Amino acid sequence: MTVRTRFAPSPTGPLHIGGVRTALFNYLYSRHHGGDFLLRIEDTDRERSTDVATQGIIDSLDWLDLARDEPPVFQSQRIGRHAEVARELLAAGRAYYCYCTPEELAAEREQARAEKRVWRYDGRWRDRDPSEAPPGVTPAIRLKSEREGETTLEDLVQGTVRVANIELDDMIILRSDGSPMYNHSVVVDDHDMAITHVIRGDDHLTNTFRQIQVYKAMGWPMPRFAHIPLIHGADGAKLSKRHGAQFALEFREQGFLPEALCNYLMRLGWSHGDLEIVGREEAIRLFDIIDVNRGASRMDYAKLLNLNGIYIRQADDDRLTRDVLHRLAHRPDLALGSHVAARIRALMPALKERAKTIVELSDSAAFLARTAPLPMEPKAAAALTAEAKLMLRDVATDLALTDFSVPSIDAALRAFAERSGLKLGQVAQPLRAALTGSTVSPGIDATLSALGREESLARIVAAAGSGQSATGATSD
RNA sequence: GUCCCGUUCGUCUAGAGGCCCAGGACAGUGCCCUCUCACGGCACCAACAGGGUUUCGAAUCCCCUACGGGACGCCA
């Protein structure tokens, strides 16, 4: 039997990072076993479900490269089938009409809570004849749950979990308006979709016991269940806005690579010895659901950032150049052209060594898309002393004689420094300021080479010329 | 409140009775490399929630307590 897993989010908002991990585990599990990974949109709550959210979920999964094997199933299109199963249950005597009104039940629940009692539906219509039904009330359909013994769940992550059946009341499977309830439709859909492994957040653990009752009542084979722990914020509380990014596409916006996010999320609650860096192929090969921990784990943005840096360094230079160009295109202060793309591509091996996000990478490449005179950071301006400016004119002469390859630039700079009795840093820092407007950049030789002869010399001249009047009487 | 689950360095984790006076990674600190910043290298800091059992021996088995989390809808 082929393994079939599914990710079943409700489209009520952007895809949360916990959902991403659930999707990832489902994906990895099915791939590991050569099975199928499916998507089901649980949009039966018409009030809260939106098309925008649905599209957001699909975009998120696409970005993360969690490919589905079949078109998405929309639960809202299956409510007829859910009702049909409910009627089957009714006909088989495994379910019954309940004529309690929502108001009546809500009041009871409220009262029980006020008295600090546990409230459960008492099954008052379970064995009553429908002829006793009060007039004018359209009934809901409730499942006849087992009332004795206990239900045991052999969870792939949580182990053996038992609940006394007395804890479970007769849940509603079909509302009085004919629409299905979650715990019912999930079972019908999972069955019809031939799902073999249900991997989901452990907030669903207690639902499972109710769902098992439906499987039993229908005589359907049960899938295996795996309830994975939730992700919390740094303070151990539920992940929320103040903890930082929490939605998949937010991470994309903040410059994270999908493979870094996947690697991070996979290692959260799962491990394979001391292994930290796990690419997609290896993840598929190594992933097993029984290696997933039971306890909730906390989101550590610092570690994700570190991982992102590692993935950026490993990433293909052309791809990173495209990403950077895409981001820089939105900046009104820059002028992009093919020569800029070439410069960024040329310097990319050095740039990516220094960035932890695509945002940082883009910022660090921005100077390549400017034209002289450059805006100067205060520290860079300070590096351009009168003395330095004079030195720049001289070094420009030497540089002009090179072929602007990295080795020849390096050789020229070292020779110049030695001849002038300067340390390399005393030459490189003013040059860096002149070329980038900053005190931080890749190696000065690579920076010069990427910028090219013409642009480099123009920037040096611009920087050296602006303080021409300096005669040694400069203040501060 | 009831039911269920969990608890190893700040964080993610290794650990399936002796290999552990607890290992790795991130973060932090210091040093080295060095034209800046990174990268890289080296080192330091730092944990078995508490108590009680079993055992020759427990982070590992069992029990209790504390703390944390989840679920208790005609929501999903």
Side-chain angles (χ1 to χ4, degrees), chain A residues 8-12 42-45 47-49 75 98 100-103 105-106 109 112-113 115-121 139-142 153 155 157-159 161-164 166-169 171-177 179 181-183 185-186 201-207 209 227 229-230 232 234 236-238 264 267-277 293-307 309-310 313 350-356 364 379 383 410 413-414 417 423-433 436 438-445:
Chain A
S10 45
T12 55
E42 309 220 313
D43 56 350
T44 48
D45 186 340
E47 301 282 300
R48 298 193 298 150
S49 301
Q75 197 162 54
C98 170
C100 298
T101 64
E103 295 73 25
L105 298 174
R109 199 170 0 250
R113 192 161 47 173
E115 294 168 16
K116 298 193 172 177
R117 289 196 335 262
V118 185
W119 184 85
R120 285 190 204 95
Y121 176 70
I141 297 178
R142 285 185 186 267
L153 166 66
D155 193 275
V157 171
Q158 303 294 333
V161 186
R162 293 171 220 277
V163 164
I166 196 77
E167 302 290 336
L168 278 18
D169 58 7
M171 67 164 173
I172 290 176
I173 53 177
L174 205 67
R175 278 182 277 253
S176 47
D177 68 359
S179 64
M181 287 284 287
Y182 171 76
N183 279 319
S185 35
V186 164
D202 77 13
D203 50 338
H204 285 290
L205 186 65
T206 52
N207 280 329
F209 293 94
H227 289 91
L230 270 18
H232 291 153
K238 201 172 172 184
Y264 175 76
R267 275 287 285 107
L268 213 54
W270 174 92
S271 61
H272 186 82
D274 288 338
L275 197 62
E276 296 283 351
I277 310 300
N293 289 159
R294 300 192 205 185
S297 43
R298 302 179 182 205
M299 183 70 194
D300 183 354
Y301 292 92
K303 187 153 184 168
L304 170 61
L305 197 60
N306 172 271
L307 219 38
I310 291 170
R313 270 173 256 140
L351 287 172
K352 70 179 183 183
E353 199 78 20
R354 296 161 166 75
K356 294 228 186 307
S364 74
K379 280 184 180 173
D410 181 65
L413 254 27
R414 286 180 191 280
K423 288 185 175 175
L424 193 54
Q426 293 175 288
V427 179
Q429 271 311 84
L431 262 178
R432 185 163 357 250
T436 70
S438 162
T439 54
V440 176
S441 85
I444 201 65
D445 46 5

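Note that the structure is predicted; figures quoted are calculated from it, not measured. In what follows, chains are A, B, ... by sequence order, proteins preceding strands, each numbered from 1.
With values rounded to the nearest 0.5 angstrom, A:Y264 atom OH is found 11.0 Å from A:N306 atom CG. For the atom pair A:D203 CG and A:T206 OG1, the distance stands at 8.5 Å (nearest 0.5 Å). To the nearest 0.5 Å, the span separating CD on A:E276 from CZ on A:R267 amounts to 4.0 Å. Here the straight-line distance linking atom CD of A:Q75 with atom OG1 of A:T44 works out to 4.5 Å at 0.5 Å rounding. Note that the CZ atom of A:R142 and the CE atom of A:M171 stand 10.5 Å from one another [nearest 0.5 Å].
Nearest nucleotide to the A:D202 side chain, out of B:G70, B:C75, B:G24: B:G70. Closest to the A:E353 side chain, of the nucleotides B:U2, B:A38, B:G70, is B:A38. In the set B:C37, B:C75, B:G40, the nucleotide with an atom closest to the side chain of A:R313 is B:G40. Residue A:S271 has its side chain nearest to B:A14 when only B:A14, B:C37, B:C3 are considered. Considering only side-chain atoms of A:V161, the nucleotide from B:C74, B:C5, B:C75 that sits closest is B:C5. Of the candidate nucleotides B:A76, B:G70, B:U36, B:U36 has the atom lying nearest to any side-chain atom of A:R354. Checking B:C39, B:C26, B:G70 against the side-chain heavy atoms of A:K303 singles out B:C26 as nearest. With distances taken from any side-chain atom of A:V163 to the nucleotides B:C74, B:C35, B:C4, the minimum falls on B:C4. The side chain of A:S176 lies closest to B:C74 when the candidates are B:C74, B:U36, B:A71. Distance from the side chain of A:S297 is smallest for B:C12 among the nucleotides B:A76, B:G69, B:C12.
Taking atom CG of residue A:N293 and atom P of nucleotide B:G70, one finds them 18 Å apart after rounding to whole Å. Between A:M181 atom CE and B:C74 atom P the separation is 5 Å, expressed in whole Å. Atom CZ in A:R120 sits roughly 11 Å away from atom P in B:C4 (whole-Å rounding). Separating the CH2 atom of A:W119 from the C1' atom of B:C74 is a distance of 10 Å, rounded to the nearest angstrom. Atom CE in A:M299 sits about 17 Å away from atom P in B:C26, given to the nearest Å. As rounded to whole Å, 10 Å separates atom P of B:U36 from atom NZ of A:K423. Between the P atom of B:C72 and the CZ atom of A:F209 lies a distance of 14 Å, rounded to the nearest Å. Put simply, CG on A:L205 is 12 Å from P on B:C72, counting in whole angstrom units.
The P atoms of B:C31 and B:A49 are separated by 35 Å, rounded to the nearest whole Å. The same atom, P, is picked in B:A58 and in B:C67; the two are 28 Å apart, to the nearest Å. Across the P atoms, B:A46 and B:U29 are found 16 Å apart, a figure rounded to whole Å. Only the C1' atoms considered, B:A59 is 12 Å distant from B:U7, to the nearest whole Å. If you take atom C1' in B:C39 and the same atom in B:C32, they sit 14 Å apart, rounded to whole Å. B:A76 and B:G69 are spaced 26 Å apart, taking the P atom of each and rounding to whole Å. Distance noted for atom C1' between B:G52 and B:C3: 27 Å (whole Å). Nucleotides B:G30 and B:A66 are separated by 43 Å at their P atoms, to the nearest Å.
Residue-level contact check: A:R298 touches the backbone only, with heavy atoms under 4.0 Å from sugar-phosphate atoms and none from bases. Contact annotation for A:G159: no contact, since no heavy-atom pair falls under 4.0 Å across all strands. Looking at heavy-atom distances under 4.0 Å, A:R117 makes no contact with the nucleic acid at all. Within 4.0 Å of A:L307, counting heavy atoms only, lies no atom of the nucleic acid at all. Note on A:E167: only backbone sugar-phosphate atoms sit closer than 4.0 angstrom, heavy atoms only; bases stay farther off. Within 4.0 Å (heavy atoms only), A:H227 reaches no atom of the nucleic acid at all. Nucleic acid contact class of A:L268 (heavy atoms, under 4.0 Å, all strands): sugar-phosphate only. Among the protein residues, A:S441 comes within range of the nucleic acid bases, having at least one heavy atom under 4.0 Å from a base atom. Nucleic acid contact for A:P442: base, since at least one base atom lies under 4.0 Å from a heavy atom of the residue.
For A:R109 and B:G73, the shortest distance from a side-chain N or O to OP1 or OP2 is below 4.0 Å. Proximity of A:R162 to the phosphate of B:C5: no side-chain N or O atom is located under 4.0 Å from OP1 or OP2. The phosphate of B:A76 (OP1 or OP2) has a side-chain N or O of A:T44 nearer than 4.0 angstrom. Using a 4.0 Å cut-off, no side-chain N or O of A:R432 falls inside it from OP1 or OP2 of B:C37. Applying the 4.0 Å criterion to OP1 and OP2 of B:A38, one finds that A:K352 has every side-chain N and O outside that range. Look at A:N207 and you won't find any side-chain N or O under 4.0 angstrom from OP1 or OP2 of B:A71.
Evaluation of the side chain to side chain donor-acceptor pair (under 3.5 Å) rule for A:D45 yields A:R48 as partners, not counting sequence neighbours.
Looking only at distances, no side-chain donor or acceptor of A:S10 sits under 3.5 Å from a matching main-chain atom of A:T12. Under a 3.5 Å cut-off, the side chain of A:D169 and the backbone N or O of A:Y121 do form a donor-acceptor pair.
Comparing A:S10 and A:D203 along RNA chain B, the residue whose closest nucleotide (by nearest heavy atom) sits nearer the 5' end is A:D203. Where A:K116 and A:G295 meet RNA chain B, the nucleotide closest to each residue was compared, and A:K116 sits on the side nearer the 5' end.
Shown here, B:U53 forms no base pair; nothing in the strands shown gives a Watson-Crick or G-U wobble contact with both key distances under 3.5 Å. With a cut-off of 3.5 Å on both pairing distances, the Watson-Crick or G-U wobble partner of B:G68 is B:C5. Taking a pair to require two hydrogen-bonding distances under 3.5 Å in either a Watson-Crick or a G-U wobble arrangement, B:C33 remains unpaired. With a cut-off of 3.5 Å on both pairing distances, the Watson-Crick or G-U wobble partner of B:G28 is B:C44.
Contact of the A:P442 side chain with the A:R354 side chain is registered, since non-hydrogen atoms from C-beta on lie closer than 4.5 Å. Two residues are said to be in side-chain contact when any heavy atoms from C-beta on lie closer than 4.5 Å; A:H227 and A:V157 fail this criterion.
Contact of A:Q158 with B:G6 (side chain to base): no donor-acceptor pair of N or O atoms is detected under 3.5 Å.
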